[in-house]
Amino acid sequence: MSNPIDIELEKLAQLQEELAKKVILPAPEQEMYLPQQNDILLTLDIQYVEEKAFVAGDWQYLNGQHITTQVDICKVGLAYFPAYFCFREGPPLLEFLQKAIQAGLPTPNVIIVDGHGQAHPRKFGVASWLGVYSDLPCVGCAKDTLVWYQKELLSNEKNSIVPIKLPNETEIIGYALRSQTNVKPIFVSNAHKISLAQSLTIIQNVIGQYRIPLPLRRADFACRRASQTGKSDKEWKFLFD
DNA sequence: GCGACAG
DNA sequence: ATCTTGTCGC
Ligand SMILES: [Mg+2]
């Protein structure tokens with residue numbers, strides 16, 4: 001007897017397959033995102049307090065110059081199920097992005113999302129979801145992988161990578177990246193309107209001193225702090241100024 | 001059946 | 001993700 005949740009997840013899996021058709025994944029030779037010095041990178045993360053999503057967005061130039069980190073409270077999507085994360089975290093990310101742009105913040109040239117792009121069983125992670133709904137170049141950067149990879153091929157030196165592929169397939173859909181020497185890897189994949197190679201370059205460019213890329217750390221700290229103090233309802237809070 | 005399982 | 005204390009190490 002199948003559980004109602006399984007029936008719902010089956011439908012959501014079909015929806016992911018449909019939405020995945022709208023994703024644009026350029027090969028390196030047909031790159032759609034060519035970074036410019038003055039381009040703006042937006043990095044997003046969320047902390048949850050019950051059914052409220054404290055979303056943080058970190059704006060910086062690709063050259064590393066920080067612009068601002070802001071937090072807003074958004075509505076949570078569905079409950080969390082592994083591999084269906086996009087339906088939980090995608091909607092509040094889009095809400096944040098739309099409100100931010102409406103509030104006069106710069107539209108980013110590229111976005112980093114805390115989760116996967118195409119490194120997903122149906123090639124449709126939360127970064128893919130945001131890519132489809134925003135139509136902006138999106139990169140996924142996660143702390144763990146959903147898809148098996150050959151751990152033993154990853155050497156201990158910083159910048160070592162191992163390709164990630166779906167079972168029985170040859171296409172590379174992401175990389176395990178050793179962001180610091182002798183530290184657990186992170187997982188990078190392209191999501192929309194950007195190649196995998198360019199996605200990896202962007203992440204490597206913003207790593208900084210720790211395992212988690214600097215802008216993702218700033219976003220993480222910002223929404224963590226906001227969720228603990230319960231602030232930032234409608235007003236934009238300027239942090240790290 | 002067993003293990004693995006983004007945030 | 002959240003619930004939670006101390007403790008070890010750079
Ligand atoms: Mg997160």
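Numbers restart at 1 for each chain; the letters A, B, ... are given by sequence-line order, proteins then strands.
- Secondary-structure stems of DNA chain C, taken as three or more successive Watson-Crick or G-U wobble pairs (i with j, i+1 with j-1) under a 3.5 Å distance threshold, are lacking entirely.
- What separates CD1 of A:I46 from C1' of C:dT2 is a distance of 15 Å, to the nearest Å.
- Counting heavy atoms from C-beta on, the side chains of A:R218 and A:T43 never come closer than 4.5 Å.
- For B:dA6, the base is not stacked against the aromatic ring of A:F187, per a cut-off of 5.5 Å between centres and 30° between planes.
- The distance between atom OH of A:Y149 and atom P of B:dA4, rounded to the nearest whole Å, is 14 Å.
- The side chain of A:R88 sits closest to B:dG7 out of B:dG7, C:dT2, B:dA6.
- Using bins of under 30°, 30° to 60° and over 60° for the plane-to-plane angle, the ring pair A:W59/A:F96 lands in the tilted bin.
- Rounded to whole Å, atom P of B:dA4 lies 19 Å from atom CG of A:L166.
- What separates CD1 of A:I212 from P of C:dA1 is a distance of 9 Å, to the nearest Å.
- Hydrophobic clustering of Ile, Leu, Val, Met, Phe, Trp and Tyr side chains at less than 4.5 Å, counting indirect connections, keeps A:L44 apart from A:V139.
- Remark: the backbone N or O of A:E157 is not paired with any side-chain donor or acceptor of A:T181 at under 3.5 angstrom.
- In this structure, A:Y175 is not a member of the same hydrophobic cluster as A:L154, with clusters built from ILVMFWY side-chain heavy atoms closer than 4.5 Å.
- Between the OH atom of A:Y80 and the P atom of C:dA1 there is a distance of 10 Å, rounded to whole Å.
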Subject >> Dot-bracket summary - DNA chain B, pairs being Watson-Crick or G-U whose distances fall under 3.5 Å, with | when paired to another strand >> reply: .......
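- Per the geometry, CD belonging to A:Q16 stands 14 Å off P belonging to B:dA6, to the nearest Å.
- Although no hydrogens or angles enter the test, the distance criterion places no donor-acceptor pair under 3.5 Å between the side chain of A:R178 and the main chain of A:I161.
- Looking at heavy-atom distances under 4.0 Å, A:A119 makes no contact with the nucleic acid at all.
- Looking at the side chain of A:L146, the nearest of the listed nucleotides C:dT2, B:dA6, B:dG7 is B:dA6.
- In the set B:dC5, C:dT2, B:dG7, the nucleotide with an atom closest to the side chain of A:R224 is C:dT2.
- A straight line from CD1 of A:I112 to C1' of B:dG7 spans 17 Å, rounded to a whole angstrom.
- The closest donor-acceptor contact from the side chain of A:H116 to the backbone of A:D144 lies under 3.5 Å.
- With hydrogens and angles ignored, the 3.5 Å screen pairs no side-chain donor or acceptor of A:T69 with any backbone N or O of A:D58.
- Contact of the A:L78 side chain with the A:L12 side chain is registered, since non-hydrogen atoms from C-beta on lie closer than 4.5 Å.
- Geometrically, A:R225 does not engage A:F54 in a cation-pi contact defined by less than 6.0 Å to the ring centre and at most 45° from the axis.
- A 6.0 Å sphere centred on CD of A:E31 holds more than 12 heavy atoms belonging to other residues, nucleotides or ligands.
- Residues from residues 122-142 of chain A that place a heavy atom under 4.0 Å from any atom of DNA chain B, listed by number: A:G125, A:V126, A:A142.
- If you measure from atom OH of A:Y48 to atom C1' of C:dT2, you get 12 Å, rounded to the nearest angstrom.
- Under the 3.5 Å distance criterion, the side-chain polar atoms of A:Q180 are matched with a main-chain donor or acceptor of A:Y210.
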